K.L.:
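If you scroll down you'll find the structure; I have some questions about it.
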Amino acid sequence: GNDYAAFMGVPTDPVPALRALLDGVDREWDVGQVGEQPFLNTVGFVLSSSVSYHSRHTGALTGLFRYGLAAARAVGRHRPSRMGFDGLAASGDHWISLMEVGVGDRCGGGFRLTARADPADGLLDVCILEAMPRWRIPLLLPGALRGRHLGHPRVIYEQVPGFRLRLENEELIHVDGELRRLPRGEHSLRIRPRALRVRLPRARAESLDARREARS
């Protein structure tokens, strides 16, 4: 999905991308960590990881088309998972259909599940969709493309430096789109503030700086 590159504002054409590199601006961005595994963009659970799994079987499709088809297949096979949380306002046990934990603000070829993410604020953005019937999940997807799902009554959205997660069963997760198995038991998710130096196109750096100032 090239989500991290898109978040950085890197052009897809090689020549403009090279110009952006040569004329770029350095910034220090956060890195997330699940257990001992670092991640740059997002980690996904339940439906999110299932979409990553099914995206490997979509033929030559790319980007949003690839992940849209994978999402349809994942929803058709979806079963919620029960998880426990400590360190969130919504701490306790929940049945969930999806969780995305992000440093970046997009995943899955363009979905804005962690729409409020700032890569240099020292916080993880946590988007949890509490369990809901399969037929209702596709109704959320158009809004999730624009970050307009956050007001839904089944969506929990928090920004925290870290929290603990308890799994009742082994879970398939994706780490920046790569599939991993997380064993049952307790796991930590945390932020490593400004642990990565990135070079951004100048216009993108200025845009992110302006957005950060507007929020402060």
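Bear in mind that the values here come from a model prediction, so they are computed numbers and not experimental data.
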K.L.:
Sequence neighbours excluded, which residues qualify as side-chain hydrogen bond (donor to acceptor under 3.5 Å, both in side chains) partners of His78?
P.N.:
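Listed in chain order: Ser97.
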K.L.:
Strictly below 4.0 Å, N to O, side chains only: are Glu186 and Arg164 in salt-bridge contact?
P.N.:
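Salt bridge: yes.
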K.L.:
In Å, rounded to the nearest 0.5 Å, how long is the span from CZ of Phe111 to CD of Glu100?
P.N.:
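It is 11.0 Å, given to the nearest 0.5 Å.
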K.L.:
Is there side-chain contact between Pro138 and Val75, with at least one heavy-atom pair below 4.5 Å?
P.N.:
yes
K.L.:
To the nearest 0.5 Å, tell me how far His187 NE2 sits from Arg166 CZ.
P.N.:
11.0 Å
K.L.:
Please check if the side chain of Asp30 supplies one atom and the backbone of Arg194 the other of a donor-acceptor pair under 3.5 Å.
P.N.:
yes
K.L.:
Once you round to the nearest 0.5 Å, how far does CZ of Phe85 lie from CG of Leu165?
P.N.:
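Taking CZ in Phe85 and CG in Leu165, the distance rounds to 5.5 Å.
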K.L.:
Go through it in stages, so that I can follow the logic: the residues are Asp93 and Arg82, the test is salt bridge (charged side-chain N to carboxylate O under 4.0 Å, His left out), and I'd like the CA-CA distance, side-chain angles, deciding distance and then a yes or no.
P.N.:
CA-CA 7 Å; Asp93 293 341; Arg82 185 176 175 85; 3.4 Å; yes
K.L.:
Tabulate below the donor-acceptor pairs under 3.5 Å that side-chain atoms of residues 10-23 make, not counting sequence neighbours, or state none.
P.N.:
{"from": "Asp13", "atom 1": "OD1", "to": "Val15", "atom 2": "N", "distance (Å)": "3.0"}

K.L.:
Please examine the side chains of Leu172 and Arg181, heavy atoms only from C-beta on, and report whether any two atoms are closer than 4.5 Å.
P.N.:
yes
K.L.:
Is any NZ, NE, NH1 or NH2 atom of the basic residue among Arg199 and Asp26 found under 4.0 Å from an Asp or Glu carboxylate oxygen of the other?
P.N.:
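Salt bridge: yes.
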K.L.:
Compare every heavy atom of Thr42 with every heavy atom of Cys107, then report the nearest pair and how far apart it is.
P.N.:
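Residues Cys107 and Thr42, closest heavy atoms: CB-OG1, 3.8 Å.
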K.L.:
Pick one: which of Ile128, Val51, Leu113 meets side-chain contact (heavy atoms from CB on, under 4.5 Å) with Leu98?
P.N.:
Leu113
K.L.:
How about His174 and Ser48: do any of their side-chain heavy atoms sit closer than 4.5 Å?
P.N.:
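SC-SC contact between His174 and Ser48 confirmed.
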K.L.:
Could you walk me through whether Asp121 and Arg212 pass the salt bridge (charged side-chain N to carboxylate O under 4.0 Å, His left out) check?
P.N.:
CA-CA 9 Å; Asp121 64 357; Arg212 188 172 298 117; over 6 Å; no
